[in-house]
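Please read the structure below before turning to the comments.
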Amino acid sequence: MSHTDTVGRNGYLLYCTQVQTLYLLFPDGQEVPQKDLELEETPMELGGEQGRWEEERLKTASLSFGAKKEREQGMKQEQEKYQLILEEDEMIDFVSSAITMKGTLSEKVGSTGFFLFVSCFSFCFPTLSQAELKKQSMQEVRRSLPIFPYREDLLAAIHEHQILVIEGETGSGKTTQIPQYLTASCPGTRNIGCTQPRRVAAMSVAARVAQEMSVKLGNEVGYSIRFEDCTSERTVLKYMTDGMLLREFLTEPDLASYSVVIIDEAHERTLHTDILFGLIKDIARFRPDLKVLVASATLDTERFSCFFDEAPVFRIPGRRFPVDIYYTKAPEADYLEACVVSVLQIHITQSPGDILVFLTGQEEIEACCEMLQERCRRLGSKIAELVVLPIYANLPSDMQAKIFSPTPPGARKVVVATNIAETSLTIDGIIYVIDPGFCKQKSYNARTGMESLIVTPCSRASANQRAGRAGRVAAGKCFRLYTAWAFKHEMEETTVPEIQRTNLGNVVLLLKSLGINDLIHFDFMDPPPHETLVLALEQLYALGALNHLGELTKLGRRMAELPVDPMLSKMILASEQYKCSEEVLTIAAMLSVNNSIFYRPKDKVVHADNARMNFVVPGGDHLVLLNVYTQSGYSTQWCYENFIQFRSMRRARDVRDQLEGLMDRIEVEVVSSQGDSVPIRKAVTAGYFYHTARLSKGGYKTVKHQQTVYIHPNSSLFEEQPRWLIYHELVFTTKEFMRQVIEIESGWLLEVAPHYYKSKELEDSSNKKMPRKQGKTKEELG
DNA sequence: GAGCACTGC
């Protein structure tokens, strides 16, 4: 047996066997005692031992796709059917793992249990006219939740311990019930805060709980998310985003108004949740009256317990149907093609139920949908109807909504999704999941300050989360387009927490403004790379937010008031001096919606690009964004005609409104530069002087790191190539690209950051390398 | 001449 290493389409190494006889069968790791997972003795290289081992394992599993019984029944028939539709050599051999991802519901019991379960988390709530009728059944639902029998024990545990880790799968009822148990059992409690990683979750859970408690949303039960505070003086139970609670530390560093804080979905390890861990652990020491509950879905609870000084773990069973896991016998070099084939295989051989496919991004999703539709067209009436639907965050809302419409009778729905379907949204009716095992992940290089978005194998935790999506309605099946060996040996146990792969500029600013000076020794559950902290501190110092002792300056304090990255914050503060805050606020808002302003559907690329050209003004992308915002009609119609994403525009408007509302507090007057772009560009320079690049042969060189970078082809300055420019961000895709660039004069750098440029890169390198050009620049200055 | 996953303040 020889293995050839082939480079996958995304540059990742996939192991591909030339002869497809690699039958490795491993049990899936989910909820399985460790002894069942001792697989290390099995070598990848195939020898005699290996062969025997394989044979043995094969006896215990079905030979190929589908259940053994089904195959025995009509194997011949089936094969004939396959050949009509799929070429024999393109079919994928799946092998069943010996162990199923355990569910807590059997299919029979579940079918009634399911409705109870779904209605609990559904976003559609009964109307008031039905209220009385529903009230009774709602209480029944509450009593039927897995958490219900644990109520008294749980309350006792909370009473006894200050910090408690709660392990509960989705559907256990922990998010909706625990706060209610607390309010009911101790009526005198002050506020209970419960954090969620996502806005919709905070809103919908709050709405649900308000209904269960028969109170009006915003009274006793409310929610608080950015742009929307739905609470009042009466509110005792507040659901909120994790970032919101983090911001509350600024006004109330000891969280005095809370008696209970619940950090929900802790296993997701969002940046904000991770920071909250450190802060809350700290305040819990001098606030013995504060109860802290850390709720997590996975086996990671040991780590939480360990971090919170051996806090006890309280386990609540979840509610889910079993999911059979299948792996490919051999690795698939082209997972896109493999997805298409798998969908068709399921469609032909498996009983009714919708399919969910996980891909990494828009481009792949579009390609996959096209391939599927093309094959269905060719097959015509040979197969039942297949409804193919894409879903990703940047897809316009009306197209997103289609995935929720019911599947027509006799047809099968295929939803081709990004990670959005992993946590953020749940699609009813999914029975089959196809998981190629990849996702796009952001990483951050603190040496260069460069972000990249790279296709990487996802973690085992993520793969299990995806598989779980097949077990929400009934028992399901998950087809993994990789071998069981790869699952065990090539995938990480968990995803690297966000705090370790992101820029920490605003986190550092926030912690500094909370008076935490020694960040290197801050109690992080998983500390970020040292260089990331150092770079963040260095940049804050360069911006003037920190003094040489690392203490917050007055400027830094004002910067921390704004919920944006430090450079953006500095830019806004600088706009005061240049009398252009009106325009700079707009630019800041537009920059913060991150490149999703222009809609560019694949089939209308030319139209979309022409529409974009209409907004181009001299000076650079920041000014183009300003122009879009100024011209924007704020209507869906206008956005549609101009290939602008309505959602992004609305968000930019929300951000701008919020920022403008904060201008009073940081004492910046909102005034316009009346069409003069120089002050605007100077304000941008004042915030982003750290991001200067100079034209050099073949591209640009960053002034800071002498790194070769390029203007992104979508930039309005792509053709112009000005001598000096400022970039908003640096991203690595196929090359090192500067995205959102604006032309500046080098003299401005000396004006806005004399402390930085007089002594550093600009003067030094210019004098050494290009003394004449330096002189020229000064002439230009006048 | 590219091609941006997902959240959040």
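Quick caveat: nothing in here was measured; it's all calculated off a predicted structure. Throughout, protein chains are lettered first and strands after them, A, B, ... in sequence-line order, and every chain is numbered starting at 1.
The side chain of A/Thr241 approaches B/dG8 more closely than any other nucleotide in the set B/dT7, B/dG3, B/dG8. Comparing atom distances between the A/Phe718 side chain and each of B/dC9, B/dG1, B/dG3 picks out B/dG1 as nearest. Of the candidates B/dC6, B/dG1, B/dC9, the closest approach to any side-chain atom of A/Ile420 belongs to B/dC6. Each of B/dA2, B/dT7, B/dA5 was ranked by its minimum atom distance to the side chain of A/Ser424; first place goes to B/dT7.
By the 4.0 Å N-to-carboxylate-O rule, A/Asp654 lies too far from A/Arg226 to be salt-bridged with it.
Counting to the nearest Å, the P atom of B/dC9 and the CG atom of A/Asp657 are 16 Å from each other. The CG-P distance, from A/Asp274 to B/dT7, rounds to 19 Å in whole Å.
More than 12 heavy atoms of other residues, nucleotides or ligands sit less than 6.0 Å from atom CG of A/Asp398.
Nucleic acid contact class of A/Thr418 (heavy atoms, under 4.0 Å, all strands): sugar-phosphate only. A/Lys735 comes within 4.0 angstrom of nothing in the nucleic acid, heavy atoms only. Using a 4.0 Å heavy-atom criterion, one finds that A/Arg198 contacts the sugar-phosphate atoms exclusively. Heavy atoms of A/Glu363 sit under 4.0 angstrom from primed sugar atoms or phosphate atoms, though from no base atom. No engagement by A/Gln658 is indicated, since no non-hydrogen atom pair under 4.0 Å with the nucleic acid exists.
Here A/Phe277 and A/Phe304 bring their ring centres to under 6.0 angstrom of each other.
In this structure, A/Phe615 and A/Phe598 have tilted ring planes: the angle between them lies in the 30° to 60° band.
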